[in-house]
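To keep things clear, I will list the structure first and then write my remarks on it.
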There are 2 protein chains.
Amino acid sequence: MNGDFESIAGSKRSLHVQVAREIARKILSGQLPQNSVIPSEVDLCEQFGVSRTALREAVKLLTSKGLLKSRPKVGTKVVERAYWNFLDSQLIEWMDGISDNDEFCSQFLGLRNAIEPEACALAARNATVEQRMKLSEIFEQMCDIANADVFDQAKWTSVDTQFHSLIFNSTGNVFYLPFGNILTTMFANFIHHSSTDGSTCIEEHRQIYSAIMAGNSDKARLASSTHLQAVKDKLPI
Amino acid sequence: MNGDFESIAGSKRSLHVQVAREIARKILSGQLPQNSVIPSEVDLCEQFGVSRTALREAVKLLTSKGLLKSRPKVGTKVVERAYWNFLDSQLIEWMDGISDNDEFCSQFLGLRNAIEPEACALAARNATVEQRMKLSEIFEQMCDIANADVFDQAKWTSVDTQFHSLIFNSTGNVFYLPFGNILTTMFANFIHHSSTDGSTCIEEHRQIYSAIMAGNSDKARLASSTHLQAVKDKLPI
DNA sequence: ATAAGCTATTTGGTAATACCAATTTTTGGG
DNA sequence: CCCAAAAATTGGTATTACCAAATAGCTTAT
């Protein structure tokens, strides 16, 4: 029984996910270089102290995220970074502590900058009646939290996440759907809202909300851009 | 031996991927409804004529793409569509023939519209010297193909894919990397270039290329938007 | 020197078994 | 008759052992 095993077996999640996370972090951190061949299945089984089945499931998981590629006889290789699926929520979670947090959040904002204004514009045009009703409901909650005497950070993050996710879900475009989950993951793991966010952001959100409800896509796009610019100004870099 | 088995065993890809594809397509087409519980592992093993291990690997693969979620005793459930990762290349491939092709391409263009202009702008600012050299090389090839006596559609698609992928890789932002693969997958599976594309598009690509090389991000963004508008005008819807 | 074929290695796939956790059913007391 | 505790059932989790397929690199024969 080696140390690696204990640390893995003690945790909660299913075994192969834990093994996958360990390997993923070694890849993401560069400890296992791109194009290098990782140890054979049996070696890794010994190293992690798990069965071959569990390890194989882990390798399959990483293969599906574009981190590994297996071939008989050759072994399992780390594929080039260009093929890693950074738009996978689980992979994003695994990034925790790997790269500089501020830089990572800044890059994510670079993605939001492209996606969200357009998503808001599409939502203004395509949101269903049910989605508009739900958005109203969520916005009401945002107001309540922003106007409360004591600012509840956890609640704000939750509602903020729901607000932006619902917009992605209201675009009527399947390719925008995943961004809701990515945003949720980022908010939950990397982005820490300050206590002043509620009061200052509520007007920006109101602009987005009103434009979408009014079906004014240009105004929605603009309001989203403005909001993201404000978010950017708060970032350390 | 039932029919399902034969059709799967005869194919090329690894077994669990084939099983995963079968199940995925049933989910994507709505044949297995959202939130429904799929048959138990042993039942599915019989149905597909594969071992429990192979089926489990398939389920794991689909879980990682957000299509399924397993819990002991409860069984394996199809999760809601909002959680499906439509930004996964393999999932996109599996969509073939499921939804209306023109509509699907149109929606994809809706994504490109958001992402690519910003990617071009970032690339203009952040591309390394090596990346700029590589982009030059690719653009040269585009010109050659466009100016050739007979238009080679396969070559054009290949080079066009490389051109756009390289731009995503040159943004210096990890969240833009996966779009290169998504675009490659879409070009290979869904988007069919007409023979007139080469001659008409080359000037648009030149605008993008020049702006990036000149480090003019605003011009790059605009050139990309113009190009995508031209692409849109060619779509049937 | 070269091409055909062999061999060892590494992943791919199957089957049997034990285990654990959640739900459902049974059972027994009030 | 009701309710709660305990037992059986069910379905995913994990391990083990074994065989098949693929292939890089060596060997051997021409």
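Sequence lines set the chain letters: A, B, ... in the order given, protein chains first and strands last, and positions in each chain run from 1.
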Original post:
Judged by modelled atom types alone, do A:T128 and A:Q131 share a side-chain donor-acceptor pair under 3.5 Å?
Top reply: yes
**OP:** Rounded to the nearest angstrom, tell me the gap between atom CG in A:L15 and atom P in C:dC20.
**Re:** 14 Å
**OP:** Round to a whole Å and report the spacing from NZ of A:K73 to C1' of D:dT23.
**Re:** 7 Å
Original post:
Atom CD1 of B:I38 and atom C1' of D:dG12: how far apart are they, to the nearest Å?
Top reply: 12 Å
Original post:
Do B:F108 and A:F175 have their ring centres less than 6.0 Å from each other?
Top reply: yes
**OP:** Rounded to the nearest angstrom, tell me the gap between atom CG in A:L44 and atom C1' in C:dT10.
**Re:** 12 Å
Subject >> Nucleotide C:dG12, atom P - distance to NZ of A:K69 in whole Å >> reply: 12 Å
Original post:
Once you round it to whole Å, what is the distance between C1' of D:dA20 and CZ of A:R56?
Top reply: 12 Å
Subject >> Nearest-nucleotide pick for B:S40, side chain only, options being D:dG12, C:dT14, D:dA14 >> reply: D:dG12
Original post:
When the distance from CG of A:L55 to P of D:dT13 is rounded to whole Å, what number comes out?
Top reply: 17 Å
Original post:
Which residue lies toward the 5' end of DNA chain C, B:R71 or A:E41, if each is placed at its nearest nucleotide?
Top reply: A:E41
Subject >> Ring centres under 6.0 angstrom apart (B:H205, B:F139) >> reply: no
Subject >> Residue pair B:S64 / A:S64, side-chain donor-acceptor N/O under 3.5 Å >> reply: yes
Original post:
If you look at every strand shown and take non-hydrogen atoms under 4.0 Å, does B:T53 touch a base, only sugar-phosphate, or nothing?
Top reply: base
Subject >> Atom-pair distance (CD on A:E57; P on C:dT14), nearest Å >> reply: 14 Å
Original post:
Is A:T76 near enough to C:dT11 that one of its side-chain N or O atoms lies under 4.0 angstrom from OP1 or OP2?
Top reply: yes
Original post:
Going by modelled atom types, is there a donor-acceptor pair between the base of C:dG13 and the side chain of B:R52 at under 3.5 Å?
Top reply: no
